[in-house]
Amino acid sequence: MTQPLGTFVILGASGDLTYRLLMPAIYRLYAHGHWSWNVVGYAPDAWDTAAFRAHIKEGVHAFVPEFQESVWTSFQDLITFSSGELEPEGCRRLQRKVGDSPAVFYLALPPTLFGTAAVALGEAGLANPAAQRRLVVEKPFGHDEASASALRETLHRYWQESQIYRIDHFLGKETAQNLLVFRLTNRFLASIWDREHIRSVQITYAETLGLEGRWQYYEKAGALRDMLQNHLMQLLTLVAMDPPAVWTADTLHNHKTEVLRAVRPIPPDLVKGQASRGQYVAGVVEGQAVPGYRQEPHVAPDSCTETFAALKLWIDSWRWHGVPFYLRSGKRLSHDYAEVAIELKEVPRGLFGAGLNNWLIFRMKPDERIDMVVWAKEPGLTLTPRRRILSTPYRREDEIEYSAYEQLLLAVLQGDRTPFPRYDEVEEAWRIVDPVLRAWENGDPEEYAAGSDGPPGQATLMEPRMSWRRIGETDEATQQEDV
Ligand code: BG6
């Protein structure tokens, strides 16, 4: 192993995120020869390095199926622990660990502590941009536009925007990255990627999981904040942005921001027509009876938190004027299923039938693949079109699968800001959803049974002669429709 290139400091090192996600991801990167930085765990716990290593080893063992003792033995030499609070005095001790080397400070902390930690590091003299110091901030970045702006102000006291890496783990997913690669390398898409040819875009992220013990966060967040404001809005930008002329982080962020700026604001009187919310009641998910949201432990019995949210957005740009973008996500739905589906318009004059639209589907779950819905002649004596699916997975069986966190951690080490939303993207996304959040402060979400496809009211968002795609509509399922 080469000399460590820098120091990766995790603040909140005794927490769940470090244990379940960060350290397993770092271990895997190391095992595949991509990680050579020192790792310093920082937390108030009275641990020493040996105790920290033992704790981390347990997590890596549990979450990395291909764990190897021999790899761990050399990997653990990179890891040390420093005990301290989120105040400048404690953080100054980190200075000794970091020295003059490049350093990343990862805030694996509750969002209420992001500002405190960033300021403490700054006051301890650890934020010097000339020394290649980077700050990684987990989600959520604020809970509305005003709080996001306040957090930005706090971070910017010591950190420049170019030093800040905001995690949106969807941008580390293969499908998100492939949206860019597929769109921007295939000539046949270049001339049809606009309002002349595309009829609608549907982005669905459906989960069978429920609350998973996250009531404290989720009760205050809800599906719109948890999934749409960040993850799905980011996917929308990747679909809708103009192709950048050069591949630099700032150019990419400019293009993404331009899309979000062009999203038509939703005034209070249009919220009902452009947004739908639901909350699951008891039902059956994958054969298992599950309680309703309000019966989940610790959830208020009259909670108004939405566990399903859908939006219809209009992008007022030359490229997209008049094309509806539908976004939806929910918990305890019928299938674990996610896709970005692009619907093309019909041919100008359908000689062999009507309603024969093509779809290009970037599927994220259950497996990652591209499906193209096309129409081909049904074998036989008539000229009858039949729906077929051209389908390909991205990955061969023998190829390594890197998780979103692995992708993003590596990007941070490399100083590559492309897969991290810049502040203006976050701000614009809040601007879009804030009026809906305000409208939803009162009243109850519509009920939907756990295990269903969400609240029936989502259908009201659809433009005439459009409908939501079925959740779980895999190529196998649609192929069966044909027979
Ligand atoms: C997280 C949300 O950001 O994304 C969770 O807080 C959600 O509620 C998760 O379940 C979905 O992402 P993934 O990658 O776990 O499917």
Side-chain angles (χ1 to χ4, degrees), residues 175 178-179 181-204 206 235-236 238-240 243 310 312-315 317-328 334-335 337-394 453-454 456 458-483:
T175 306
N178 184 51
L179 266 171
V181 173
F182 196 77
R183 249 197 79 183
L184 302 178
T185 47
N186 288 302
R187 184 69 175 91
F188 78 101
L189 291 177
S191 57
I192 62 159
W193 210 256
D194 58 24
R195 63 188 299 274
E196 300 300 333
H197 302 275
I198 290 178
R199 183 168 182 246
S200 73
V201 174
Q202 289 192 24
I203 304 178
T204 294
L235 294 176
L236 173 144
L238 301 182
V239 172
K312 172 170 62 180
L313 300 176
W314 299 104
I315 301 175
S317 65
W318 277 45
R319 188 183 282 272
W320 295 115
H321 186 77
V323 179
F325 281 71
Y326 302 104
L327 277 53
R328 67 177 164 167
S334 59
H335 295 82
Y337 186 84
E339 61 174 29
V340 175
I342 317 289
E343 182 190 18
L344 276 88
K345 290 184 174 169
E346 286 178 73
V347 291
R349 179 162 151 65
L351 296 173
F352 302 112
L356 307 181
N357 302 68
N358 298 122
W359 288 84
L360 176 61
I361 297 149
F362 298 88
R363 200 206 296 164
M364 309 177 79
K365 289 196 298 184
D367 49 352
E368 298 191 296
R369 55 193 309 122
I370 304 166
D371 289 346
M372 196 138 65
V373 177
V374 297
W375 300 88
K377 182 184 175 297
E378 186 173 65
L381 303 176
T382 58
L383 294 178
T384 306
R386 179 168 71 170
R387 180 185 162 108
R388 308 311 294 160
I389 314 276
L390 307 178
S391 184
T392 181
Y394 305 151
D453 280 356
Q458 63 186 293
T460 59
L461 304 193
M462 283 288 149
E463 289 294 292
R465 293 179 301 287
M466 289 188 185
S467 54
W468 287 105
R469 286 169 50 77
R470 251 185 17 228
I471 289 177
E473 185 161 353
T474 60
D475 51 341
E476 298 82 12
T478 44
Q479 293 287 16
Q480 274 166 17
E481 267 175 22
D482 303 334
V483 287

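- In this view, Leu381 satisfies the side chain to side chain contact (heavy atoms under 4.5 Å, CB included) rule with no residue, not counting sequence neighbours.
- The CG atom of Leu184 lies 9.0 Å from the CH2 atom of Trp193; values are rounded to the nearest 0.5 Å.
- Partners of Ser334 under the side-chain hydrogen bond (donor to acceptor under 3.5 Å, both in side chains) rule, at least two apart in sequence or in another chain, are Asp453.
- Put simply, CG on Leu383 and CD on Glu378 are 11.0 Å apart, with the number rounded to the nearest 0.5 Å.
- For Thr384, the side-chain hydrogen bond (donor to acceptor under 3.5 Å, both in side chains) partners two or more places apart in sequence, or in a different chain, are Thr382.
- In terms of heavy-atom proximity, Glu463 sits nearest to Pro324 at CG-CG, 4.1 Å.
- Across every non-hydrogen atom of Ala310 and Trp468, the tightest pair is CB-CZ2, 4.0 Å.
- Panel note: side chain Asn186, backbone Phe188; no donor-acceptor pair is recorded below 3.5 Å.
- Aromatic ring centres of Phe325 and Trp314 lie farther apart than the 6.0 Å criterion allows.
- Between Arg183 and Val239, the shortest heavy-atom distance links the atoms NH1-O, 2.8 Å.
- With sequence neighbours excluded, the residues satisfying side chain to side chain contact (heavy atoms under 4.5 Å, CB included) with Thr175 are Phe362, Met364, Glu368, Tyr394.
- Counting heavy-atom neighbours within 6.0 Å of His321 NE2, excluding the residue itself, gives a total of 12 or less.
- Rounded to the nearest 0.5 angstrom, Gln458 CD and Thr204 OG1 are separated by 8.5 Å.
- In this view, Arg319 and Asp242 satisfy the side-chain hydrogen bond (donor to acceptor under 3.5 Å, both in side chains) rule, not counting sequence neighbours.
- The distance from atom CE of Met466 to atom CG of Asn357, rounded to the nearest 0.5 Å, is 8.5 Å.
- Listed here is the closest heavy atom pair of Arg363 and Asp371: NH2-OD2, 3.5 Å.
- Contact detail for Leu356 and Pro385: the closest heavy-atom pair is CD1-CG, 3.5 Å.
- Contacts of Asn358 classified as side chain to side chain contact (heavy atoms under 4.5 Å, CB included), with partners at least two apart in sequence or in another chain: Leu344, Val374, Trp375.
- Formation of a donor-acceptor pair under 3.5 Å by the Gln202 side chain with backbone atoms of Ser467 is found in this model.
- Across all their heavy atoms, Ile471 and Tyr337 have their closest contact at CG2-CB, 4.1 Å.
- Sequence neighbours left out, the pairs with a member in residues 337-346 that pass salt bridge (charged side-chain N to carboxylate O under 4.0 Å, His left out) are Arg199-Glu343, Glu339-Arg469.
- Not a single donor-acceptor pair under 3.5 Å links the side chain of Arg328 to the backbone N or O of Ile203.
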